[in-house]
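Here is the structure we will look at.
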Amino acid sequence: MDLRLAPSAILTWAVSLASAYLPPLWTGVVCVALAVAACLLLIARAVAPQSLRTFPATLAVACLFAAAVAAHAATQVGPRQDGPVADAAAARDSVVIHVLIVGDPREFGTDSRGSGRWAVPAEVIDMAADGMLIRTRTRILLTGGEGWDQVVKGQEVRTAGKLKPAKPGQVEAGVLAAATPPMRPDSRRKTEARHQPGGPANIPQGPAQLKRQFSSAAEWLQGDAAGLLPGMVTGDTTGLDEGLEAAMKTTSTTHLTAVSGANCSLILGGLVLLARSFRLARGVAAIVALACLAAFVMMVGPDASVLRAAVMGAIGLTALSSGRRGRSLGFLCLAVTGLLILDPSLGTSVGFLLSVLATLGIVLLARPIASWAPTWVPSWLASAVAVPLGAQLLCSPVIVALQPQFSGYSLLTNIAVAPFVAPVTILGTIAVPLVPLIPWLSVIPMAIAGASAEIVAAIARFFAGLPGAALPWPEGPTGIATMLLWSVVTILIVWLVLHPTLAGSAVMSLHRRLVLLIAAGESVVRRRRAKAHSGSRRRPVGGPRV
C-alpha cells in the first residue's frame with residue numbers, strides 16, 4: 001500500500017478546513033509556517049542517513065502542498081470576509097442586486113403558505129446599497145420562493161432583498177433573502193423572467209440550454225422516466241416526481257440523479273471498451289476515453305461538482321480495472337490534493353467528502369470483498385455487490401450524521417438497479433448531443449434509456465415501500481459511532497458468510513481454546529480446594545484446657 005501521498009491529502013484538507021474559519025491574516029501565517037516547515041524538513045532530509053530520507057521528504061512535499069492551499073484560501077477569504085458584500089451583510093442592509101447564477105437551485109424547505117423555498121448559488125455583478133452602486137465579483141447564496149426554481153446556471157437576474165451574514169465556514173460572503181421573483185437585469189424592462197419551456201431569453205446557448213432541450217425531449221416518455229432520465233444523465237432533477245424523489249432518498253439512490261463518479265466511471269469504461277474493440281493500444285484508448293470524458297464534462301457544465309465527479313470516477317475505474325490498490329490510492333490522494341489546491345472551499349463540502357469516501361471504499365474494499373466470493377459466483381456479480389458495499393460502508397457514518405436514518409434496503413436497491421444504470425447513463429449521454437443535431441435519431445437511445453430508467457424508478461419505489469425501509473438512528477456522535485461499529489460488524493458478517501469453512505474452523509479452534517481454558521481453571525480450583533481441605537484436617541480439634 002503506497003501511502004506516500006496520504007500526508008499531503010490529509011494536511012491539505014486540514015488546512016482548507018481551517019482556512020474557512022480563520023481570518024485572512026492567520027491563514028497567511030499558516031501559509032508562511034508551512035513553507036518554513038517544508039524548508040526545515042528538506043534540510044533534515046539532506047543531513048539524514050540514506051535509509052531515513054523518505055519520511056522527511058514526504059512531509060516536506062505535504063507542507064508545500066498545504067502552503068499552496070493556504071495561499072489560495074487567503075486570497076479567497078479576504079474579499080469574502082472583508083469586502084463590501086460582507087460589510088453590507090454584517091449591517092443587514094436592504095439591497096437591489098444584479099447577479100450571475102452559478103449553480104442549480106436546491107430546495108431546502110417551505111414557507112408559511114406551503115410553497116417551496118429554494119437556495120441558489122450566485123455571483124454578484126453589481127449591488128445598490130445605502131445609495132451607492134458597488135461593482136464586485138463575490139459569491140453569495142440567494143434564497144427565495146416563487147420563480148427561483150426556474151433559474152439556471154449562466155443566467156443573469158436582478159432582485160431585491162435583505163442581506164445577512166453567512167454561517168462560519170460557508171464559502172459565500174452573505175445570504176440574500178430575495179423579496180421578489182427573479183427579474184431581467186435590464187432596469188427599463190422590469191419584467192419577471194419567463195417560466196415557459198425554454199426559459200429566460202438571456203440564458204446562454206451552452207450546457208444549460210442543452211440540459212433544457214434534453215429534458216423537453218424526454219417529456220414524451222411515459223411515467224417516471226420523463227423526470228428521472230434527465231436527472232440520471234445530466235443532473236437536471238426539475239421534472240422529478242416528488243414521490244419518486246422521496247423513495248430514492250429512502251433507499252439511498254439519490255446519487256443516481258446527479259453527475260456523480262459512478263456516471264463518469266461508466267462513461268469512461270464504455271469508451272475504453274469501445275476504443276479497445278477497434279484494437280487501439282492501451283495508452284491511445286486511455287487518451288481517447290479521457291478526451292471524450294472531458295467533452296462530456298463540458299456538455300453537462302464544467303462546474304466544481306462535475307469536475308470532482310469526473311476525477312473520482314476515473315480513479316474508481318482505475319482501481320477496479322488495474323487491481324493495484326496502492327497505485328489507485330496514490331492517485332486518489334493526488335486528486336484530493338490537486339482539487340483542494342484549485343478550490344480550497346471543497347474542504348468544507350459534504351459532497352466532496354462523500355465522493356472521496358466512496359472512491360476510497362472502492363479502492364480499498366471493493367476488490368477484497370469481491371475476492372471473498374466463491375468460485376462459482378461470476379466476477380461481474382461479485383463486483384456488483386462489492387462496489388456499492390465498499391462505498392456504502394465508508395459513506396454511511398457521514399450520511400447518518402446528515403440524516404439520522406438507516407436505509408435498510410439501500411444495498412439491495414443499489415445492487416438491483418446496477419444493471420440498468422449503465423444503459424441509462426451511456427445511451428442517455430449519446431442522446432444528449434443528438435437532440436439538437438439529429439432529433440429523429442435520438443429517439444432510439446432515449447427509448448432504451450427511458451425504459452431502463454423506468455425500471456430503476458420501479459425498483460426504488462418497491463424497496464421504499466417495504467417495512468423497515470427507513471429506520472430511525474441515533475443523532476450526533478452516538479449515531480456516527482454506532483454506524484462505524486455497524487460497518488465493522490457488516491464486514492465481519494460478510495466474511496463469515498462467504499468463508500463458511502474458515503469460519504467453522506475458527507469457531508472450532510476458539511471452542512477448543514475455551515474448553516482448555518475452562519479445564520485449566522477447573523483444575524486450579526480443584527487444587528485449591530484440595531489444599532484447603534488437607535490444611536483443615538491437620539488443625540488440632542478442640543480449645544485450651546480449663
Side-chain angles (χ1 to χ4, degrees), residues 207-241 244 248 253-278 285 288-301 306 309-310 313-314 316-317 320-321 380 383-384 387-388 413-460:
Q209 183 68 12
L210 200 59
K211 287 183 181 181
R212 296 181 72 89
Q213 290 178 350
F214 184 73
S215 299
S216 299
E219 290 179 355
W220 66 272
L221 296 172
Q222 300 296 322
D224 293 324
L228 183 58
L229 180 60
M232 293 184 67
V233 176
T234 64
D236 183 6
T237 59
T238 54
L240 193 64
D241 181 74
L244 178 58
M248 297 185 77
T253 52
T254 51
H255 61 91
L256 299 176
T257 58
V259 181
S260 62
N263 296 62
C264 296
S265 62
L266 285 172
I267 293 170
L268 193 60
L271 291 170
V272 170
L273 291 176
L274 181 62
R276 293 291 287 172
S277 65
F278 287 99
V288 171
L290 289 175
C292 294
L293 181 62
F296 169 77
V297 170
M298 296 301 297
M299 182 178 64
V300 300
V306 177
L317 182 64
L320 291 175
S321 59
W380 61 267
S383 297
V387 169
T413 308
N414 279 279
I415 294 172
V417 302
F420 307 100
V421 173
V424 172
T425 303
I426 297 174
L427 295 177
T429 303
I430 294 173
V432 171
L434 293 178
V435 168
L437 298 177
I438 314 174
W440 61 269
L441 188 58
S442 66
V443 173
I444 298 175
M446 285 188 68
I448 302 174
S452 301
E454 187 70 27
I455 297 175
V456 170
I459 293 173

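Only this structure's heavy atoms are used, side chains among them; waters, hydrogens and symmetry mates stay out. Numbers for residues simply follow the sequence, beginning at 1.
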Drop me the distance from I444's CD1 to L434's CG, to the nearest 0.5 angstrom.
10.0 Å
Taking all non-hydrogen atoms of both residues into account, name the closest pair between A431 and F214 and its distance.
CB-CE1, 4.1 Å
L441 CG: over 12 foreign heavy atoms closer than 6.0 Å
yes
Does S442 reach the main-chain N or O of P439 with its side chain, forming a donor-acceptor pair under 3.5 Å?
yes
Between V435 and A217, the two heavy atoms sitting closest are CG1-CB, 3.8 Å
Restricting to side chain to side chain donor-acceptor pair (under 3.5 Å), what partner residues turn up for T253, sequence neighbours left out?
T251
Would you list the pairs meeting side chain to side chain donor-acceptor pair (under 3.5 Å) in which at least one residue belongs to residues 220-231, sequence neighbours left out?
D224-R461
Quick one: closest heavy-atom pair of A460 and M248, and the distance?
CB-CG, 4.2 Å
Determine the minimum heavy-atom distance between A449 and P423, stating which atoms define it.
CB-O, 4.0 Å
Write down the atom of P388, the atom of I415, and the distance for their closest heavy-atom approach.
CG-CG1, 4.1 Å
With V424 as reference, evaluate L229, L228, V417 under the side chain to side chain contact (heavy atoms under 4.5 Å, CB included) test and give the passing residue.
L229
In terms of heavy-atom contacts, V233 and T429 come closest through CG1-N, 3.8 Å
